[in-house]
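Order of the sequence lines fixes the chain letters, A, B, ..., with proteins taken first and strands second; residue numbering starts at 1 for each chain.
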Number of protein chains: 2
Amino acid sequence: MLADVAAEAGVSATTASYILNGRADEMRIAPATVTKVQAAVADLGYRPNRSARSLRTRRTATVGLVSDQIAGEQYGSSMLTGASLAARELDHLVVMGESGGDPELERLLIEEMLERDVDGVVYATRTARTVHLPEGLRGVRSVLLNCEDPDERLPSVVPDDEGGGRAAVATLLAAGARDVWVVGEDPVPEATAGPRRMAGIRAELATHDLDVAGLVRCDWSVTEGFEATSRWLADGGRADGLVCMNDRLAMGVYQALAEHGLRVPDDVSVVSFDGSALAGWLRPVLTSVELPFTELGALAVRRLLDPDDHVGTDSVPMRVRPGGSVRPV
Amino acid sequence: MLADVAAEAGVSATTASYILNGRADEMRIAPATVTKVQAAVADLGYRPNRSARSLRTRRTATVGLVSDQIAGEQYGSSMLTGASLAARELDHLVVMGESGGDPELERLLIEEMLERDVDGVVYATRTARTVHLPEGLRGVRSVLLNCEDPDERLPSVVPDDEGGGRAAVATLLAAGARDVWVVGEDPVPEATAGPRRMAGIRAELATHDLDVAGLVRCDWSVTEGFEATSRWLADGGRADGLVCMNDRLAMGVYQALAEHGLRVPDDVSVVSFDGSALAGWLRPVLTSVELPFTELGALAVRRLLDPDDHVGTDSVPMRVRPGGSVRPV
DNA sequence: TGATGCGGCTGATTCGATTCAGCAGTGGTA
DNA sequence: TACCACTGCTGAATCGAATCAGCCGCATCA
């Protein structure tokens with residue numbers, strides 16, 4: 001403990017504490033004393049006791065991360081990677097908990113984190129959406145990750161889905177597509193990804209005096225993507241560009257196109273959203289607008305620990321990950 | 001704080017503490033007193049300060065989970081879900097850190113966890129393999145998750161890959177397959193999944209006086225699966241049952257089979273390992289032997305916190321998740 | 001010569017719980 | 001009547017750091 005270090009160095013615990021906390025200059029500790037203490041620290045392999053420190057300072061160098069399901073989510077789990085790395089860079093650790101969507105469990109997790117005096121809480125959701133800040137986080141320093149609360153003035157970190165929508169369409173337009181259909185409709189009312197992407201899609205088309213040629217309605221699963229697209233094709237549906245709302249859906253679209261003898265990208269160009277590993281596994285590789293999950297997680301933690309605490313939403317750009325599903329011009 | 005509760009209830013902090021720690025009976029506290037204290041707790045919304053408690057007890061009701069990459073891993077991240085849920089059930093929280101495979105970062109993470117007096121550490125790897133216990137964990141209560149250290153006597157939790165191999169083959173044999181090829185070779189020397197699955201595969205075939213008909217060599221990626229299988233087929237390779245070492249690989253195999261006009265399961269039955277979401281997205285749905293990631297994570301935490309600390313490996317069964325890729329008999 | 005300032009350090013208190021040792025009061029027993 | 005056991009509770013020490021207020025000695029200055 002610190003007292004041992006102090007004894008070994010022949011100074012008081014107070015002095016040792018100042019030195020270890022980088023307050024040597026401020027406290028005008030003689031350089032020789034600093035050296036002695038540092039030697040003692042190295043000598044004894046001193047490791048501070050965080051519980052003791054936290055008891056006094058009320059800070060734990062620990063951030064909480066509560067989510068519904070992000071570890072279970074295929075790609076979204078990278079938010080944890082980002083959060084963990086960013087936390088380390090700022091000398092913090094991440095305490096995580098998953099509620100699985102159960103509000104009672106969520107309450108418990110938040111409660112336990114607050115008992116442990118986390119320095120702040122990141123509240124994350126699997127899918128981009130609006131939420132209500134849980135009661136337990138009222139008054140607690142917190143950042144929303146992949147979600148926003150329109151009723152609260154809070155820092156929030158989300159992907160720029162509208163920009164992503166524009167980028168997706170820009171890719172198709174650049175390849176000469178003019179007859180652009182959108183596949184997929186956001187199934188959840190609170191979800192923000194679908195509407196925002198759609199806004200971007202329309203905005204970009206508008207720059208060429210175009211609009212969405214049509215919408216193939218289905219949820220965002222492989223099966224629905226396959227079935228809805230099959231029906232559409234069977235009804236004579238045709239397009240030169242398809243925007244799929246996510247990669248899984250696009251996989252179903254690929255299957256449907258193949259069954260109807262249409263080739264990607266020769267007969268139709270396809271772009272999608274997610275930039276998941278799946279996009280890279282499809283043949284041809286699916287051009288997809290990437291959800292920057294790692295970056296989102298990292299940014300959320302940085303904003304949480306950032307001393308100048310500005311509220312408002314950070315939209316992280318979504319970049320096109322080029323594949324072979326868009327016909328080269 | 002506790003003193004407030006005690007004051008409100010008209011007792012000493014000592015008494016209040018005993019009651020809150022469930023030692024009322026042992027300390028012969030009168031039932032009326034217990035009631036008074038509980039009322040005060042509810043009244044004041046008392047929430048214990050864990051740092052203070054930890055300072056005395058040296059326990060934090062917190063477990064560390066260090067891994068190379070499990071959050072970034074598609075399916076493996078469910079280990080975090082399982083760990084988080086099991087921890088909650090045992091009134092603990094999970095402190096997580098990802099090293100990305102960097103030994104220095106790993107050392108730092110472990111160091112930071114120990115400073116925070118975690119009650120134990122789960123050391124997890126993305127892929128099932130053998131490892132050397134990191135120096136920093138020597139003498140620390142720890143459990144290996146998805147890995148084993150042959151040189152140490154430690155509790156360890158891994159999937160039963162050998163049993164999985166047997167189950168995969170049993171499924172094929174039950175469907176009448178006799179000419180069984182294996183696709184995929186484990187690319188990493190320390191990896192345990194491949195050899196164990198192979199052992200199970202051979203063992204089960206042996207019960208029918210059979211052996212593996214042949215091996216299509218490739219690593220476990222979609223592309224390699226596609227290319228190696230294509231070459232094999234082009235060389236006249238045929239089989240009535242294929243065991244793929246994982247689902248991604250199987251996806252490549254599907255692609256190759258399709259290009260050669262072979263239909264699953266009519267021309268060839270396919271089983272695989274992982275039981276990932278991808279298996280469910282393929283057409284036909286891929287029959288796959290599931291890696292029980294959530295259970296693995298949960299079990300690791302339970303063993304870590306289990307008071308009777310037995311060393312040795314727990315192998316969690318891998319179950320077949322039936323799809324449509326095995327021809328019904 | 002006495003007041004003032006400053007460099008360099010330390011003693012004592014505090015954070016909020018846990019826990020050991022022990023203390024009144026009561027009733028039973030020899 | 002003296003002793004003991006038991007019930008029901010409490011005072012004080014303790015965990016390991018952070019931090020405030022202040023102390024001592026020496027140089028400076030009016």
Side-chain angles (χ1 to χ4, degrees), chain A residues 1-41 44-62 91 111-119, chain B residues 1-41 44-62 91 111-119:
Chain A
M1 31 170 277
L2 188 56
D4 299 336
V5 172
E8 167 108 355
V11 299
S12 72
T14 305
T15 303
S17 173
Y18 284 139
I19 293 173
L20 294 184
N21 287 300
R23 299 180 61 188
D25 282 1
E26 174 194 348
M27 289 292 142
R28 297 182 293 255
I29 313 281
T33 310
V34 173
T35 312
K36 272 190 304 183
V37 169
Q38 285 167 344
V41 164
L44 300 174
Y46 170 70
R47 196 196 276 152
N49 180 314
R50 298 276 188 157
S51 297
R53 171 181 298 180
S54 302
L55 180 56
R56 280 251 45 189
T57 61
R58 312 238 99 209
R59 273 180 291 99
T60 50
T62 282
D91 284 311
E111 180 87 357
E112 294 235 15
M113 289 181 181
L114 296 182
E115 279 182 12
R116 284 170 181 80
D117 269 325
V118 292
D119 295 347
Chain B
M1 32 171 280
L2 188 58
D4 298 338
V5 172
E8 168 106 357
V11 298
S12 70
T14 305
T15 302
S17 173
Y18 284 140
I19 292 171
L20 295 185
N21 288 299
R23 299 179 61 187
D25 281 1
E26 174 193 347
M27 289 293 141
R28 296 181 294 256
I29 312 281
T33 310
V34 173
T35 312
K36 270 190 303 182
V37 169
Q38 286 167 343
V41 165
L44 301 173
Y46 169 70
R47 196 196 276 153
N49 180 315
R50 298 275 189 158
S51 298
R53 171 181 299 180
S54 302
L55 180 56
R56 280 248 47 185
T57 60
R58 311 240 98 207
R59 274 181 290 100
T60 51
T62 281
D91 285 312
E111 181 87 357
E112 294 235 15
M113 287 179 182
L114 296 183
E115 278 182 14
R116 285 171 181 78
D117 268 325
V118 292
D119 295 347

Distance in angstrom units between B:E26 CD and C:dT18 C1', rounded: 13 Å
Could you tell me how far apart B:I19 (CD1) and C:dA17 (C1') are, to the nearest whole angstrom? 15 Å
The helix from C:dT1-D:dA30 to C:dA30-D:dT1: angle between its terminal axes, five pairs each, to 10°? 70°
Hey, does B:L2 have a side-chain heavy atom less than 4.5 Å from the side chain of B:L20? yes
Go through the steps for A:R50 and B:E115 under the test salt bridge (Lys or Arg N to Asp or Glu O under 4.0 Å), then give the verdict. CA-CA 6 Å; A:R50 298 276 188 157; B:E115 278 182 14; 2.7 Å; yes
Between A:L2 (CG) and C:dT10 (C1'), how many Å, whole number? 13 Å
A:D117 versus B:S51: any side-chain heavy-atom pair under 4.5 Å? yes
Could you run down the sub-3.5 Å N/O contacts of the protein with nucleotides 23-27 of chain D?
none

To the nearest angstrom, the CG-C1' distance between A:L44 and D:dG16 comes to 15 Å
Does OP1 or OP2 of C:dT18 have a side-chain N or O of B:T57 closer than 4.0 Å? no
Which distance, rounded to the nearest 0.5 Å, do you find between the CD1 of B:I29 and the OG1 of B:T15? 5.0 Å
What's the separation between atom CG in A:N49 and atom CZ in B:R58, rounded to the nearest 0.5 Å? 5.0 Å
Rounded off to whole Å, could you give me the CD1-to-P distance for the B:I29 and D:dT10 pair? 8 Å
For a quick test of reading the model: is some side-chain N or O of A:R23 closer than 4.0 Å to OP1 or OP2 of D:dT19? yes
Rounding to a whole Å, what distance do you find between A:N21:CG and D:dT19:P? 7 Å
Considering only nitrogen or oxygen atoms on both sides, find all protein atoms under 3.5 Å from nucleotides 11-15 of chain D and state each distance.
{"unit_1": "D:dG11", "atom_1": "N7", "unit_2": "B:T14", "atom_2": "OG1", "d": "3.4"}
{"unit_1": "D:dG11", "atom_1": "O6", "unit_2": "B:T14", "atom_2": "OG1", "d": "2.8"}
{"unit_1": "D:dA12", "atom_1": "N6", "unit_2": "B:T14", "atom_2": "OG1", "d": "3.4"}
{"unit_1": "D:dT14", "atom_1": "O2", "unit_2": "B:R56", "atom_2": "NE", "d": "3.4"}
{"unit_1": "D:dT14", "atom_1": "O2", "unit_2": "B:R56", "atom_2": "NH1", "d": "3.1"}

Let me know, please, whether A:Y46 or B:T33 comes out on the 5' side of the other along DNA chain D by nearest nucleotide. B:T33
Hey, mind stepping through B:R116 and B:T62 against side-chain contact (heavy atoms from CB on, under 4.5 Å) and telling me if it holds? CA-CA 9 Å; B:R116 285 171 181 78; B:T62 281; over 6 Å; no
Here the distance between atom P of D:dG16 and atom CG of B:D117, to the nearest Å, is 10 Å
Specify the closest pair of heavy atoms between A:R59 and A:S54, including all atoms of both residues, with the distance to one decimal. O-OG, 3.1 Å
Could you state the atom-to-atom distance from CZ of B:R116 to C1' of D:dG16 in whole Å? 16 Å
In Å and rounded to the nearest 0.5 Å, what is the CG to CZ distance from A:L55 to B:R56? 12.5 Å
Which atoms form the tightest heavy-atom contact between B:M1 and B:Y46, and what is the distance? C-CE1, 3.4 Å
Base, sugar-phosphate, or nothing for B:R28, non-hydrogen atoms under 4.0 angstrom? base
Specify the closest pair of heavy atoms between B:V37 and B:V11, including all atoms of both residues, with the distance to one decimal. CG2-CG2, 3.9 Å
Ignoring hydrogens, what is the shortest heavy-atom contact between A:I19 and A:T33? Give both atom names and the distance. CD1-O, 4.0 Å
Is any side-chain N or O of B:S17 closer than 4.0 Å to OP1 or OP2 of C:dT18? yes
Would you tell me if any nitrogen or oxygen in the side chain of A:S51 comes within less than 4.0 Å of OP1 or OP2 on D:dG16? no
Look up atom CD in A:E26 and atom CG in A:N21, then write down how far apart they are to the nearest 0.5 Å. 10.0 Å
